[in-house]
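The next block holds one structure in the form of structure tokens; read it before the comments.
Naming convention: chains lettered A, B, ... in sequence-line order (proteins, then strands); numbering from 1 in each chain. In this text the structure is predicted, and so the values were computed from the model without any measurement.
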Amino acid sequence: MEFNFGLIAQSFPLLLAGAVVTIQITALSVGFGLLIGMFAGMGRISKLWFVRFISTVYVDFIRGTPLLVQIFLIYFALPMIVGTRINPFVAAITACSINSGAYIAEIFRAGIQSIDKGQMEAGRSLGMSWGQTMYYVILPQAFKRIIPPLGNEFIAMLKDSSLVSVIGFEELTRRGQLIIARTYGAFEIWMTVAVIYLVMTLTISRLVDYLERRYKIDDKH
Amino acid sequence: MISIKQVHKYFGKLHVLKGIDTEIKEKEVVVIIGPSGSGKSTLLRCINYLEQYSQGEIIVDGIPLTGEANINKIRTEVGMVFQRFNLFPHMTVLANIMLSPMKVRKITRIEAEKIAHDLLKKVGLSDKDNAYPEQLSGGQQQRVAIARALAMRPKVMLFDEPTSALDPEMINEVLDVMKTLANEGMTMVVVTHEMGFAREVGDRVIFMDEGRIIEEGTPTDFFTNAREERTKNFLSKIL
Ligand SMILES: Nc1ncnc2c1ncn2[C@@H]1O[C@H](COP(=O)(O)OP(=O)(O)OP(=O)(O)O)[C@@H](O)[C@H]1O
Ligand SMILES: [Mg+2]
């Protein structure tokens, strides 16, 4: 068997288009995940027990079950509940956002808890509410500290998003499968797919390093 | 101004305040002293409800400390200065002072800026308005913290060992600001180890030990003829 460079060149544009879809689904999922995670993360340390309870159940359930199962659950079970079919894109984004949100919740919780307790007390003693102090004082400081773990979560999501290929959503991995089904060039294509993932993850981790350094300098002022 | 009646505080099983009774009058400067762990900080923190007391009653300026609305109201009337400053590190000095008046009192940015500048002048830091807290010395940070609390126009100021985290050469710049405040008629409750300050500015000294008020009196009385054995013991160690 010979290594077929022609095949790589030929399918590269198709794979790149798939990579763009992969980035889109990752960015959207982490974006929604950030919103979900921020509230769930605050919920985990709420004074109200039922808020804490709901947040904890959510985080535990998602982190304790495979993403693949969550994707199937959303794609196959949700239509039975809502009564209509949902398209793979919506299912993929929903599953990945909910999944990402749980991991980001823990990142937020740790970030918020790493801020000195005196900051909340100072805010409260000035008459600001818990929410105001969170918004103006705690979260801006926590954000800076959670950039590195958020970057890691982005990279993890980028890789895990390959799982949505199982519901036929055409991101990078699914594109690879489809090309292989046509051309039988399994080794060449999987190799190319792997390299594209690697380039994306390395780029992002460098970007995160850069942001982290910049914020560190920012902190010093 | 502040009425404290039979206040008890437990941390779990630990009985930290054991029936505190006292009244603090308008414009009075009360200095609280006592050994470590005697409950001084806890009492101070109960006054603005950073700590929830277990029993008893605290009334500040006629408002009983019950319900979330009342608590926030009281916190706008009661300023607090902490041992470790607790400035917001991601904001400039000016922004630190302006934040709460704008968000709680809902005044405009222009008004808030004017208040902030006036207060910075008062604490002698006019040129530091655009600095970040970590660019300032401890003494300067504490003066900003005082300005930040004053920006809410509080009726009472609570100080919890405001000079304990400072290098000796910076203590006076903070005490001077506090003296000015006292002379202007601010009602103040100060936990401190600075006996000079207590003598000079205090109207009353309260000695606490093991969660109780052991003895109180005017500074002259208190420092020269303490009645209780425990007080004498404590004073002999620190004077
Ligand atoms: N959040 C808390 N949880 C449990 N115990 C606490 C808490 N805060 C204070 N305590 C305990 O309550 C007691 C009184 O503490 P407090 O801080 O009021 O003393 P203090 O007189 O201010 O002492 P210091 O001079 O060291 O500041 C101490 O035994 C302390 O360990
Ligand atoms: Mg204390």
Side-chain angles (χ1 to χ4, degrees), chain A residues 34 38 41-43 45-52 107-150 208 210-221, chain B residues 41 44-45 47-52 68-93 95-106 130-136 144-145 147-154 156-160 165:
Chain A
L34 215 55
M38 189 169 80
M42 289 192 289
I45 46 179
S46 167
K47 282 212 175 90
L48 306 169
W49 72 265
F50 58 92
V51 174
R52 219 166 44 231
I107 294 174
F108 261 101
R109 184 188 55 72
I112 290 168
Q113 285 179 328
S114 78
I115 304 298
D116 182 21
K117 248 180 51 205
Q119 293 285 305
M120 178 56 84
E121 292 187 346
R124 300 309 302 275
S125 78
L126 288 164
M128 287 192 285
S129 66
W130 185 89
Q132 285 176 319
T133 311
M134 217 16 136
Y135 187 78
Y136 295 110
V137 178
I138 310 291
L139 286 179
Q141 295 182 61
F143 257 119
K144 285 187 188 177
R145 295 196 190 174
I146 66 180
I147 285 174
L150 276 182
V208 172
Y210 166 77
L211 279 179
E212 195 184 354
R213 267 200 314 278
R214 226 195 67 185
Y215 273 119
K216 275 226 176 80
I217 297 163
D218 237 32
D219 242 8
K220 288 256 149 52
H221 261 294
Chain B
S41 299
L44 217 54
R45 293 158 57 82
I47 296 178
N48 70 352
Y49 221 67
L50 281 180
E51 220 61 87
Q52 199 169 343
E68 190 69 20
N70 269 355
I71 290 161
N72 282 334
K73 188 142 189 283
I74 279 173
R75 282 179 178 150
T76 63
E77 315 265 305
V78 179
M80 181 147 191
V81 174
F82 302 86
Q83 184 173 350
R84 288 175 48 249
F85 330 135
N86 297 349
L87 292 178
F88 306 137
H90 60 302
M91 294 180 185
T92 62
V93 163
N96 260 277
I97 302 175
M98 289 162 57
L99 179 65
S100 190
M102 281 167 58
K103 300 307 169 195
V104 180
R105 296 252 193 251
K106 311 277 185 212
N130 281 314
Y132 281 82
E134 70 175 357
Q135 297 170 311
L136 303 180
V144 172
R148 180 176 69 175
L150 289 175
M152 290 300 285
R153 303 254 181 268
V156 183
M157 284 284 281
L158 310 174
F159 295 82
D160 192 0

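Only the side chain of B:F82 comes within contact range of chain A, with heavy atoms under 4.5 Å apart. If you measure heavy-atom distances from B:L158 to chain A, you find no contacts under 4.5 Å at all.
Between B:R75 and A:G127, the shortest heavy-atom distance links the atoms CB-CA, 3.9 Å. Nearest heavy-atom pair across A:M128 and B:V104 is CG-CG2, 3.6 Å.
Here A:K144 contributes atom NZ and B:H90 contributes atom NE2; the two are 8.0 Å apart, rounded to the nearest 0.5 Å. Remark: A:S125 OG to B:R148 CZ distance equals 6.5 Å, nearest 0.5 Å.
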Donor-acceptor pairs are to be reported for all side-chain atoms of residues 109-117 of chain A against protein atoms at under 3.5 Å, with residues two or more places apart or in another chain.
from	atom 1	to	atom 2	distance (Å)
A:R109	NE	A:E106	OE1	3.4
A:R109	NE	A:E106	OE2	3.4
A:R109	NH1	A:Q113	OE1	2.7
A:R109	NH2	A:E106	OE1	3.1
A:S114	OG	A:G111	O	2.8
A:S114	OG	A:R145	NH1	3.1
A:D116	OD1	A:G118	N	3.4
A:D116	OD2	B:R84	NH2	3.4

Run the side-chain donor-acceptor check on residues 132-140 of chain A: report pairs under 3.5 Å with partners two or more places apart or on a different chain.
from	atom 1	to	atom 2	distance (Å)
A:Q132	OE1	A:S129	N	3.0
A:Q132	NE2	B:K103	O	3.2
A:T133	OG1	A:S129	O	2.8

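Most heavy-atom pairs under 4.5 Å with chain A: of the set B:V81, B:L99, B:T76, this distinction falls to B:L99.
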